[in-house]
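Since the structure comes first, as structure tokens, the remarks are kept for the end.
This chain uses plain numbering: 1 for the first residue, then up along the sequence. Computation of the quantities below employed the complete heavy-atom set of this structure, encompassing side-chain atoms and omitting hydrogens, waters and symmetry-equivalent molecules.
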Amino acid sequence: MAASGARLHLVTPVWNRSTRGIRGLSRAVGPEGSQKKGRSLLQFLADRFYDVQALREYLLRKQVLTVHQKNRPFTYIQERFGPHVAGVYFILKQGGAVKFQGKEWIRSNARGHFPLDFVTFQAVPVEAVDASGCAINYQGLDSLLALKELQSLWLQRCPHVDDWCLSRLHPLANSLQELSLAGCPRISERGLACLHHLQNLRRLDISDLPAVSNPGLTQILVEEMLPSCEVLGADWAQGLKSGPEEQSRDTASPIPA
């Protein structure tokens with residue numbers, strides 16, 4: 001009867017969520033119970049891991065679909081107002097800003113709303129576009145390239161702008177003078193090589209490109225490719241390996257004279 005009372009003393013606090021009762025119950029579990037408990041835990045973790053993987057795949061597919069929807073063309077605006085206005089509308093819907101020649105910058109507010117006065121500027125060229133941080137991808141460039149007289153384009157920190165996107169900028173070769181690609185994680189040396197079409201560029205920012213393995217050497221090559229362009233970004237010596245004499249001198253004298 002005493003043993004039965006002790007057993008009840010251990011079980012009851014468990015239902016009352018008592019920590020002391022839980023510790024007591026864990027001491028009462030034998031080795032065989034611990035093994036079963038371990039196998040159950042492993043099975044639980046395996047099931048949860050599969051669920052996490054499935055959730056990650058679902059979120060990735062949803063993200064890709066969202067980016068695809070954001071880059072769809074606004075055909076109804078293009079049919080009514082032309083590709084010029086449709087391109088401006090695309091940039092503003094992305095959260096960017098545009099500047100018509102002789103006009104003030106047009107950008108959306110915190111709620112994503114923007115004035116529609118630009119629909120009357122069909123004959124006024126767009127001279128600058130700030131699409132920094134926007135979700136523009138290869139497909140969305142169709143709308144952007146409609147702005148044939150574009151002079152300045154900022155694509156810095158755009159997560160979906162990659163080498164393939166840079167290969168599509170050649171239709172802007174006659175007008176584009178300033179281009180910023182700073183902070184774009186998917187741009188590498190291969191994409192920068194495609195900019196040789198843009199011989200009218202006067203200013204190019206290629207700073208902070210993590211996919212570029214040797215920023216200093218890449219900047220030198222880009223400067224040779226575009227001799228009339230000021231290339232901003234990495235210092236020319238960044239990423240260049242020093243010779244054996246410099247390495248030994250740096251090791252022998254860590255403190256500069």
Checklist entry - Do Leu169 and Leu179 come close enough that some side-chain heavy atom pair is under 4.5 Å? => result yes
Next on the checklist: Restricting to non-hydrogen atoms, name the atom on Pro210 and the atom on Pro185 that form the minimum distance, rounded to 0.1 Å.
Outcome noted: CG-CA, 3.8 Å
Checklist entry - Between Phe118 and Tyr89, what is the ring plane arrangement, given parallel below 30°, perpendicular above 60°, and tilted in between? => result tilted
Checklist outcome for this item: In this structure, CD of Glu149 is separated from CD of Gln101 (nearest 0.5 Å) by 7.5 Å
Next on the checklist: Between Cys184 and Leu209, is the side chain to side chain contact (heavy atoms under 4.5 Å, CB included) condition met? List the steps.
Outcome noted: CA-CA 6 Å; Cys184 293; Leu209 300 180; 4.3 Å; yes
Item to check | pair Leu181-Leu192: side-chain heavy atoms closer than 4.5 Å | outcome: yes
Checklist entry - Any idea which heavy atoms bring Ser108 and Leu92 closest together, and the distance? => result OG-O, 4.1 Å
Checklist entry - Do other residues, nucleotides or ligands put more than 12 heavy atoms under 6.0 Å from Arg190 CZ? => result no
Next on the checklist: For a 4.5 angstrom cut-off between non-hydrogen side-chain atoms, does Leu176 reach Gln151?
Outcome noted: no
Checklist entry - Just wondering, do Pro171 and Leu145 contact through their side chains at under 4.5 Å, heavy atoms? => result yes
Checklist entry - Could you give the distance from OG (Ser188) to CG (Asp163), rounded to the nearest 0.5 Å? => result 3.5 Å
Checklist entry - Do Glu178 and Leu153 come within less than 4.5 Å of each other through their side chains, counting heavy atoms only? => result no
Checklist entry - At what distance, to the nearest 0.5 angstrom, does CZ of Arg157 lie from OG of Ser132? => result 5.0 Å
Item to check | ring-ring contact (aromatic ring centres under 6.0 Å, His included) partners of residues 164-221, not counting sequence neighbours, each pair once | outcome: His170-His197
Checklist entry - Given His84 and Leu147, is the side chain to side chain contact (heavy atoms under 4.5 Å, CB included) satisfied, shown in steps? => result CA-CA 6 Å; His84 186 77; Leu147 309 177; 3.9 Å; yes
Checklist entry - Given the rule that I, L, V, M, F, W and Y join up when any side-chain heavy atoms are under 4.5 Å apart, are Trp154 and Ile91 in one cluster? => result no
Item to check | For the student: nearest non-hydrogen atoms of Cys158 and Ala131, plus distance | outcome: SG-O, 3.1 Å
Checklist entry - Just by distance, do the side chain of Asp208 and the backbone of Gly183 share a donor-acceptor pair under 3.5 Å? => result no
Checklist entry - Under a 4.5 Å cut-off applied to non-hydrogen side-chain atoms, are Leu226 and Val231 in contact? => result no
Next on the checklist: Less than 4.5 Å apart, side chain to side chain, heavy atoms only: is that true for Phe114 and Arg107?
Outcome noted: no
Item to check | Derivation of the side chain to side chain contact (heavy atoms under 4.5 Å, CB included) call for Ile206 and Val212 | outcome: CA-CA 10 Å; Ile206 57 172; Val212 173; over 6 Å; no
Next on the checklist: So, using side chain to side chain contact (heavy atoms under 4.5 Å, CB included) as the criterion, who are the partners of Arg186 when residues are at least two apart?
Outcome noted: His160, Asp162
Next on the checklist: Can a donor-acceptor pair be found, under 3.5 Å and without considering hydrogens, that links the side chain of Asn71 to the backbone of Gln139?
Outcome noted: no
Checklist entry - Any idea which heavy atoms bring Pro159 and Gly133 closest together, and the distance? => result CD-O, 4.4 Å
Checklist entry - Is any NZ, NE, NH1 or NH2 atom of the basic residue among Asp142 and Arg168 found under 4.0 Å from an Asp or Glu carboxylate oxygen of the other? => result yes
Item to check | Polar side chain donor-acceptor pair, Ser213 to Glu189, under 3.5 angstrom | outcome: yes
Item to check | Short side-chain to backbone donor-acceptor contact, Glu127 and Ser152, under 3.5 Å | outcome: no
Item to check | Closest approach of Ala173 to Leu198 (non-hydrogen atoms, all atoms of both residues) | outcome: CA-CD2, 3.7 Å
Next on the checklist: Hydrophobic clustering (ILVMFWY, side-chain heavy atoms < 4.5 Å, transitive) - are Phe100 and Leu144 grouped together?
Outcome noted: yes
Item to check | Linked, directly or transitively: Phe90 and Tyr76 (ILVMFWY side chains, under 4.5 Å) | outcome: yes
Item to check | Spacing of Lys93 atom NZ and Ser143 atom OG [to the nearest 0.5 Å] | outcome: 13.0 Å
Checklist entry - Is there a path of hydrophobic side-chain contacts, each under 4.5 Å between heavy atoms of I, L, V, M, F, W or Y residues, that connects Phe74 with Val129? => result yes
Checklist entry - Is there a donor-acceptor pair under 3.5 Å between the side chain of Arg202 and the backbone N or O of Asn200? => result yes
Next on the checklist: Run Leu204 and Val222 through side chain to side chain contact (heavy atoms under 4.5 Å, CB included) and show every step you take.
Outcome noted: CA-CA 9 Å; Leu204 173 64; Val222 173; 3.7 Å; yes
Item to check | Close side-chain approach of Leu195 to Met225, heavy-atom, < 4.5 Å | outcome: yes
Next on the checklist: For Cys134 versus Gly95, what's the shortest heavy-atom pair and its separation?
Outcome noted: SG-C, 4.0 Å
Checklist entry - If Ile, Leu, Val, Met, Phe, Trp and Tyr residues are connected whenever their side-chain heavy atoms lie under 4.5 Å apart, and connections chain through other members, are Val161 and Leu201 in the same group? => result yes
Checklist entry - Between Arg80 (side chain) and Ile77 (backbone), is there a donor-acceptor pair under 3.5 Å? => result no
Checklist entry - With sequence neighbours left out, what residues match Ser175 under side-chain hydrogen bond (donor to acceptor under 3.5 Å, both in side chains)? => result none
Checklist outcome for this item: Value for CD1 (Ile187) from CG (Leu155), rounded to nearest 0.5 Å, stands at 7.5 Å
Item to check | Short side-chain to backbone donor-acceptor contact, Gln94 and Lys70, under 3.5 Å | outcome: yes
Checklist entry - Is atom CD of Gln69 surrounded by more than 12 heavy atoms (other residues, nucleotides or ligands) closer than 6.0 Å? => result yes
